[in-house]
Protein chains: 2
Amino acid sequence: MAPRGETKERILAKALESFSTVGYDGTSLDDLAEALGIRKQTILYHFVSKRGLLNAVLDDSVKVLTESLEEVLDASNPHRDRIEDLVRSVFRVALEQPLLLGLLREVSRPGSPAAPRLKNQMGPLMERAISWMEGEMEAGRMRKTDAQLVLLSAYSTVVGLATEIEILRTAGVERVLRPSAQRRQELLHFLRTSLTPSE
Amino acid sequence: MAPRGETKERILAKALESFSTVGYDGTSLDDLAEALGIRKQTILYHFVSKRGLLNAVLDDSVKVLTESLEEVLDASNPHRDRIEDLVRSVFRVALEQPLLLGLLREVSRPGSPAAPRLKNQMGPLMERAISWMEGEMEAGRMRKTDAQLVLLSAYSTVVGLATEIEILRTAGVERVLRPSAQRRQELLHFLRTSLTPSE
DNA sequence: CGCTTTTTCTACCATTTGGTAAGTCTTGGT
DNA sequence: ACCAAGACTTACCAAATGGTAGAAAAAGCG
C-alpha cells in the first residue's frame, strides 16, 4: 500500500505524541492504531513489540537532540558565546518539538523501562559536554564547580520549562511565545551568573 | 483485623511509592495489594476506585507540601531571607520525601487524569505566593518581572532537581547528600540573581 | 453473650492488553 | 505473466485489569 516507509514514520510520530503526553503505560497499541486508521498488527509488524516501538521513538528523539547539540559543541569558531548558543539551540528544539522533551521527561523517570537505554544513548553526549566544561574551567574561562552537577541542573531546568510550555499549551493558556523568550533569558542569566569566573 | 485506620495509611504510603515511581497507569491494584499482603478488594473498600486512591494520595501529598510552605510564607518575622527559607524548606521536603515530588511530577504531566485536581489544590498556594512576590516588587525589594513566570520556573527547577536526586538514588549512584547541598546553593544563587533588583 | 457495624475476604466478570498465526493484497523485478 | 518479498489485515488468545456481589470474620458495644 504505502510504497515507502511512510507508515512507519507516521507511527513513530503518533507514538511520540502519545508517549510524551499520556505516557508509555497509558498508551495502548489499539488506540494508537485507531488514531492512525490502521490495525494494531501493522504497528507490531514494523516494530516487534511495544517496547521496541518505545526504543525506536526514543532513538529518534535522542538523535534529533544530539544533532542539534553537537552542532553547537562542534562549532569551530571559538569566540562565540557557546553557552548562549547552547541555550538557544535547546530552546529551539523545545519550541519546535516540545513533545520530544516530554518524552525525555517520561522516560527519565525512575522505574521507566527505557531509562537505562536513555542513559546509554545520552552518555557520550554528556561526557563530551562535561569534558568541554572541564576544559573551560582549566583554562579559567569558567568557574570551577562540579561540571556534571551544573549539566544536570541545567538539563532539568530546561526540560522542566519545556514541559511546562507544553502543559500551558494543552491547557489552552494564552501566550506561549513571548514568555518562552523571557525564560530563555532567565536560563541564560542563570547559567552565566553561575558559570562566569569573575565574581 | 486492623483496629484503627492503619491499613488505610499503609495503602496510601505504598500507593504513593508506586505512583511516583512506576506511575499511575503502571500501577496495578493487584500488585499493590500483593506488596501489602492484602487483597485488592480491601483497597477498593477504603478508596472507591483506583482514581479515588490517586486523589487521596494526591490530597495527602499536597497537604504536606502546603503546610511546609505556608509555614514559611506565614512567618511573621519580616527581616529574614524569605527566599532562602523557601528553598531550604522545599529541599527539606525533597530530601525527606522525594516520592512526594515524584508524584507531583507524575501528576502534573499534560494528560494526567489528576492534573485539574492538582491545579485546584495548588491554586490558592500559588496565588498567595504570586501576590506576595508582587508586593515585594511594588516595594522595590524584588526586581519587576512576571511573578507567575518566575514561580513556575523555580517550581520546575526544584521538582527537576528533586526527581533527579531520586533518579540518582535509585540508580545507586554514589553521594547524594553533599551534592544536594550544592544544588540548594545553586538554586538559591539562581533565584537571588534573577530576583534582586540591584543590577 | 448477642447484636450491629466495620473491615476483609472469596468468587466472578467484562474489558482491555500485548502478542501470535496465518492469511491477503500490493509491488517490483525478471 | 509470474513470483518472491514486503506491507497490511483478519482471527484469535492468554493474561492482566479495574470493578461488582456477597459471604465471612473481626471489633465495638450493650
Side-chain angles (χ1 to χ4, degrees), chain A residues 1-60 103 106-107 109 111-115 117, chain B residues 1-60 103 106-107 109 111-115 117:
Chain A
M1 272 190 157
R4 313 282 293 198
E6 190 209 328
T7 26
K8 203 166 178 177
E9 304 286 334
R10 285 179 62 226
I11 294 174
L12 280 172
K14 260 279 185 282
L16 171 61
E17 180 184 331
S18 187
F19 286 158
S20 69
T21 51
V22 294
Y24 176 72
D25 290 304
T27 299
S28 94
L29 294 184
D30 280 301
D31 293 353
L32 210 58
E34 192 183 11
L36 286 165
I38 272 185
R39 249 41 65 191
K40 163 179 45 171
Q41 283 66 13
T42 305
I43 300 179
L44 290 178
Y45 166 74
H46 287 287
F47 314 88
V48 189
S49 64
K50 190 186 180 184
R51 198 61 181 271
L53 176 61
L54 173 61
N55 287 339
V57 172
L58 187 59
D59 291 359
D60 248 33
L103 179 74
E106 158 78 7
V107 148
R109 182 188 59 193
S112 163
R117 190 186 186 87
Chain B
M1 272 192 157
R4 313 281 295 195
E6 188 211 329
T7 28
K8 203 167 179 176
E9 305 285 334
R10 285 179 61 224
I11 294 174
L12 280 173
K14 260 279 185 282
L16 171 61
E17 179 185 329
S18 186
F19 286 159
S20 68
T21 52
V22 294
Y24 177 73
D25 290 303
T27 300
S28 95
L29 294 185
D30 281 301
D31 293 353
L32 210 58
E34 192 183 11
L36 287 165
I38 272 187
R39 250 38 68 190
K40 162 178 47 172
Q41 283 68 14
T42 305
I43 300 178
L44 290 178
Y45 165 73
H46 288 286
F47 314 89
V48 189
S49 64
K50 190 185 180 184
R51 196 64 180 271
L53 177 59
L54 174 62
N55 286 340
V57 171
L58 188 59
D59 291 359
D60 248 33
L103 180 74
E106 158 80 8
V107 148
R109 183 188 58 194
S112 163
R117 191 184 185 87

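Below, chain A is the first sequence line, B the second, and so on; all start at residue 1.
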Please give, in whole Å, the distance from [N] [atom2] to [X] [atom1]?
{"X": "A:Glu9", "N": "D:dA7", "atom1": "CD", "atom2": "C1'", "answer": "15 Å"}
{"X": "B:Ile11", "N": "C:dT8", "atom1": "CD1", "atom2": "C1'", "answer": "10 Å"}
{"X": "A:Glu6", "N": "D:dG6", "atom1": "CD", "atom2": "C1'", "answer": "15 Å"}
{"X": "B:Ile38", "N": "D:dA25", "atom1": "CD1", "atom2": "P", "answer": "18 Å"}
{"X": "A:Asp31", "N": "C:dG18", "atom1": "CG", "atom2": "C1'", "answer": "13 Å"}
{"X": "B:Arg39", "N": "D:dA24", "atom1": "CZ", "atom2": "C1'", "answer": "14 Å"}
{"X": "A:Leu32", "N": "C:dT16", "atom1": "CG", "atom2": "P", "answer": "17 Å"}
{"X": "A:Leu53", "N": "C:dG19", "atom1": "CG", "atom2": "C1'", "answer": "14 Å"}

For [N] and [X] - does any side-chain N or O of the residue sit under 4.0 Å from the phosphate oxygens OP1/OP2?
{"X": "B:His46", "N": "C:dT8", "value": "yes"}
{"X": "B:Tyr45", "N": "C:dT8", "value": "no"}
{"X": "A:Thr7", "N": "D:dC8", "value": "yes"}

Is there a side-chain contact between B:Glu17 and B:Lys14, using heavy atoms and a 4.5 Å cut-off?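 Of all side-chain heavy-atom pairs linking B:Lys14 with B:Glu17, at least one is under 4.5 Å.
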Are B:Lys8 and B:Tyr45 in a cation-pi contact, defined as NZ or CZ under 6.0 Å from the six-membered ring centre and within 45° of the axis?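 Geometry flag: not set, cation outside 6.0 Å or 45°.
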Rounded distance [0.5 Å steps], CG in A:Leu16 versus OG1 in A:Thr27: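 The OG1 atom of A:Thr27 is 10.5 Å from CG of A:Leu16, to the nearest 0.5 Å.
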Roughly how far, to the nearest 0.5 Å, is OG of B:Ser112 from CG of B:Leu54?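 Answer rounded to 0.5 Å: 6.5 Å.
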B:Thr42: side chain to side chain donor-acceptor pair (under 3.5 Å) partners, not counting sequence neighbours: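 B:Thr42: no side chain to side chain donor-acceptor pair (under 3.5 Å) contacts found.
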N/O donor-acceptor pair under 3.5 Å between B:Lys40 side chain and B:Ser28 backbone: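 No; zero donor-acceptor contacts below 3.5 Å.
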Short N/O separations, protein against nucleotides 18-20 of chain D, under 3.5 angstrom:
residue, atom, partner, partner atom, Å
D:dG18, OP1, B:Thr27, O, 3.3
D:dG18, OP1, B:Lys50, NZ, 2.7
D:dG18, OP2, B:Leu29, N, 2.9
D:dG18, N7, B:Lys40, NZ, 2.8
D:dG19, OP2, B:Lys50, N, 2.8
D:dG19, O6, B:Lys40, NZ, 3.3
D:dG19, O6, B:Gln41, NE2, 3.1
D:dT20, O4, B:Gln41, NE2, 3.1

Check B:Phe47 against B:Gly52 and note the closest heavy-atom contact, atom names and distance.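 Shortest heavy-atom contact: CB-C, 4.3 Å.
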